[in-house]
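Scroll down for the structure; my scribbles are underneath it.
Position 1 is the first residue of the sequence; numbering continues from there. In this text, all values refer to a predicted model and were calculated from it rather than measured experimentally.
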Amino acid sequence: MAIKQRVQGWWAKLGRGAEDLRDDVQDSIGTDRVVRVGLTVIAVIVLSLTLLGWYWSNEPELVGVNEITANLAQEQNLQSTTGSATTATAIYVARTMLDKPGGFLHNDVFPPGIFMDNMPNWEYGVLVQTRDMVRALRENFSRSQSQSTEDPDLTLAEPRFNFKASSWILPPSESEYRGGIKLLLSYHQRLADPENPQAQFYARADNLRFWLGMVSTRMGSMSQRLASAVEQNRVNTDLAGDSAALQSTPRAAEIRVKTPWMEIDDVFYESRGAAWAWIHFLRAAEKDFAPVLAKKNAQASLAQIIRELEQTQYPVYSPLILNGNGFGLVANHSLVMASYIAGANAALIDLRALLSDG
């Protein structure tokens, strides 16, 4: 009897052990399934964000000025006039910056936009040149002389575009820029209204020279920043050409310059965006200022500037912006970009002199 009870006890323990083992196996299988499902979900999210970021990184194509002008004229149901090409192009460039795939990414705080830097820097390059164009519209193109009044729409549009690009709420940058676009649309509408002569665009050589001077300054700065991808010593020429010139604090006779490694691709893509905007604006000027350019025999000069800048828009096949040393084995994309922009700037300086003296 005792042996039977002992065997029954062993058997009961063995049964309980089997049940515990089965529960442990089931728990383990359930845990593994949860882990696998979790890892799969994470992988799908990462892959989706990567593909979305890649799609958002595609830069907009160049569009002809005639197409831009015709589309806006049809949208507003009006006839094109002097200044329509420049104003319509400013509107198109600003709209493209905001409405391209992914929208305006410079102020994004959510993935994948927060992890991207190439396209946000491209946008900033476009934004700076748009600000310059709107400023030129306000200060020069829309005024006949220094004592004339400013256009009311352009007076309000300029500060809208100068709103900081990193604000994502209260208010977001996009809302300010869209407000500026609405004001440009109003100005464009009034330009073609024969019953409203207050809205004007004066296609004169001095006005064109003013804006080209702004562009030349931007190009000079951009080419220097790009060239600084390779460390170099530069002679200090800050006061060159004027023996009586002074500056606030002294600087060394030679200056060592080098763009930080983490900022090289930022400067490169900012310059790509700036060049994209310059091409559109120069094409518009080529149309609106055609009589002025013909009188100065400067059409070929402007066409060559545009041709130089178009080379900056060639596709970048390398997954990284390479930073080789000058004549080394590895390419340096920044130096190539700098050469194109510096060439365009040199031709731009000659064009400004031609408009003044030709």
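Apart from L51 itself, the hydrophobic cluster it occupies contains L47, where clustering links Ile, Leu, Val, Met, Phe, Trp and Tyr at side-chain heavy-atom distances under 4.5 Å. By the 4.5 Å side-chain criterion applied to Ile, Leu, Val, Met, Phe, Trp and Tyr, V336 is assigned to a cluster that also includes Y340. Residue V46 belongs to a hydrophobic cluster whose other members are I42, with links defined by side-chain heavy atoms closer than 4.5 Å.
By the ring pair (Phe, Tyr, Trp, His ring centres under 6.0 Å) test, F161 pairs with no residue at all, sequence neighbours left out. With sequence neighbours excluded, the residues that form a side-chain contact (heavy atoms from CB on, under 4.5 Å) with Y202 are S144, Q200, R204, N207. Applying the side-chain contact (heavy atoms from CB on, under 4.5 Å) test to S175 and every residue at least two apart in sequence or in another chain returns P171, P172. Residues satisfying the side-chain contact (heavy atoms from CB on, under 4.5 Å) criterion with N118, sequence neighbours excluded, are D265, Y269. Contacts of F201 classified as ring pair (Phe, Tyr, Trp, His ring centres under 6.0 Å), with partners at least two apart in sequence or in another chain: F141, F289. With sequence neighbours excluded, no residue satisfies side-chain contact (heavy atoms from CB on, under 4.5 Å) with D350. Considering only residues two or more places apart in sequence or on other chains, T259 meets the side chain to side chain donor-acceptor pair (under 3.5 Å) condition with none of them. Shown here are the ring pair (Phe, Tyr, Trp, His ring centres under 6.0 Å) partners of W276, two or more places apart in sequence or in another chain: W122, H280.
No side-chain heavy atom of L212 sits under 4.5 Å from any side-chain heavy atom of S216. In this structure, M97 and H106 have side chains that are not in contact, with every pair of non-hydrogen atoms separated by 4.5 Å or more. Side-chain contact check for E158 versus L183: every heavy-atom pair is 4.5 Å or farther apart. Within the 4.5 Å cutoff, the side chain of L208 has no heavy atoms near those of the D288 side chain. Looking only at side-chain heavy atoms (C-beta outward), T81 and H188 stay at 4.5 Å or farther from each other. In this structure, M133 and T86 have side chains that are in contact, with non-hydrogen atoms separated by less than 4.5 Å. Between L293 and L355 there is a side-chain heavy-atom pair separated by less than 4.5 Å. The side-chain heavy atoms of I305 and N345, taken from C-beta on, include no pair separated by under 4.5 Å.
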Note to self: Please evaluate residues K296 and L351 with respect to the criterion side-chain contact (heavy atoms from CB on, under 4.5 Å), reporting the C-alpha separation (whole Å), side-chain torsions for both, the decisive distance (0.1 Å), and the verdict.
What the structure shows: CA-CA 10 Å; K296 303 288 187 177; L351 175 58; over 6 Å; no

Next item on the list: For T89 and R283, run side-chain contact (heavy atoms from CB on, under 4.5 Å): C-alpha distance rounded to whole Å, both residues' side-chain angles, the deciding distance at 0.1 Å, then the answer.
Entry: CA-CA 9 Å; T89 301; R283 286 175 176 176; over 6 Å; no

Next item on the list: Evaluate the side-chain contact (heavy atoms from CB on, under 4.5 Å) criterion for residues S334 and V267: first the C-alpha distance (whole Å), next the side-chain angles of each, then the deciding distance (0.1 Å), finally the verdict.
Entry: CA-CA 8 Å; S334 297; V267 176; over 6 Å; no

Next item on the list: Kindly determine whether D99 and E174 satisfy side-chain contact (heavy atoms from CB on, under 4.5 Å), including the steps that lead there.
Entry: CA-CA 10 Å; D99 298 333; E174 297 96 319; over 6 Å; no

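For the residue pair E139 and R143, the shortest heavy atom distance occurs at O-CD, 3.3 Å. Residues Q313 and A275 come closest through the heavy atom pair NE2-CB, 3.6 Å. M219 approaches W278 most closely through the heavy-atom pair CG-CH2, 3.6 Å. The minimum heavy-atom distance between S57 and M119, with the atom names listed, is O-CE, 3.4 Å. The two atoms that bring P112 and G53 nearest to each other are CG-N, 4.1 Å, heavy atoms only. Closest non-hydrogen pair, R272 versus E59, comes out as NH2-OE1, 3.0 Å.
Cluster annotation: L226 is not connected to L322 through the hydrophobic network of ILVMFWY side chains, with a link wherever side-chain heavy atoms come within less than 4.5 Å. Linking Ile, Leu, Val, Met, Phe, Trp and Tyr whenever their side-chain heavy atoms come within less than 4.5 Å puts V292 and W211 in one cluster. I91 and V63 fall within a single hydrophobic cluster, where Ile, Leu, Val, Met, Phe, Trp and Tyr are joined by side-chain heavy atoms under 4.5 Å apart, directly or via other members. I114 and Y55 are members of different hydrophobic clusters when ILVMFWY side chains are connected at heavy-atom separations under 4.5 Å. The cluster map of Ile, Leu, Val, Met, Phe, Trp and Tyr, joined by side-chain heavy atoms under 4.5 Å apart, puts L52 and F115 in different clusters.
Counting non-hydrogen atoms of other residues, nucleotides and ligands closer than 6.0 Å to NZ of K287 gives a total above 12. Around the CZ atom of F104, the shell of radius 6.0 Å holds more than 12 heavy atoms that belong to other residues, nucleotides or ligands.
In this structure, E263 does not pair ionically with R225, as no charged nitrogen and carboxylate oxygen lie closer than 4.0 Å.
The distance from the CG atom of L127 to the CG atom of N162 is 8.0 Å, given to the nearest 0.5 Å. Annotation: the span from E286 atom CD to L302 atom CG amounts to 5.0 Å, rounded to 0.5 Å. With rounding to the nearest 0.5 Å, the separation of CG in L105 from CG in L98 is 10.5 Å. Taken from CG in L72 to CG in L78, the straight-line distance is 7.0 Å, to the nearest 0.5 Å. Of the inter-residue distances, the one linking L335 atom CG with S223 atom OG reads 11.0 Å to the nearest 0.5 angstrom. Residue E150 holds its CD atom at 10.0 Å from CG of L156, rounded to the nearest 0.5 Å.
A distance-only check finds no donor-acceptor pair linking the side chain of T69 to the backbone of N66 [under 3.5 Å]. A donor-acceptor pair is defined here as one N or O able to donate and one able to accept, closer than 3.5 Å; no such pair exists between the side chain of E308 and the backbone of I341. When atom types are taken as modelled, the side chain of Y92 and the backbone of V65 share no donor-acceptor pair closer than 3.5 angstrom. In this structure a side-chain-to-backbone donor-acceptor pair under 3.5 Å is missing from S356 to R352. T155 places no side-chain N or O within donor-acceptor distance of the main-chain N or O of R138, the cut-off being under 3.5 Å. At least one donor-acceptor pair closer than 3.5 Å links the side chain of K258 to the backbone N or O of A229. Not one N or O on the side chain of S186 forms a donor-acceptor pair closer than 3.5 Å with the backbone of K182.
Counting only residues at least two apart or on different chains, the salt bridge (charged side-chain N to carboxylate O under 4.0 Å, His left out) pairs with a member in residues 102-123 are K100-E123.
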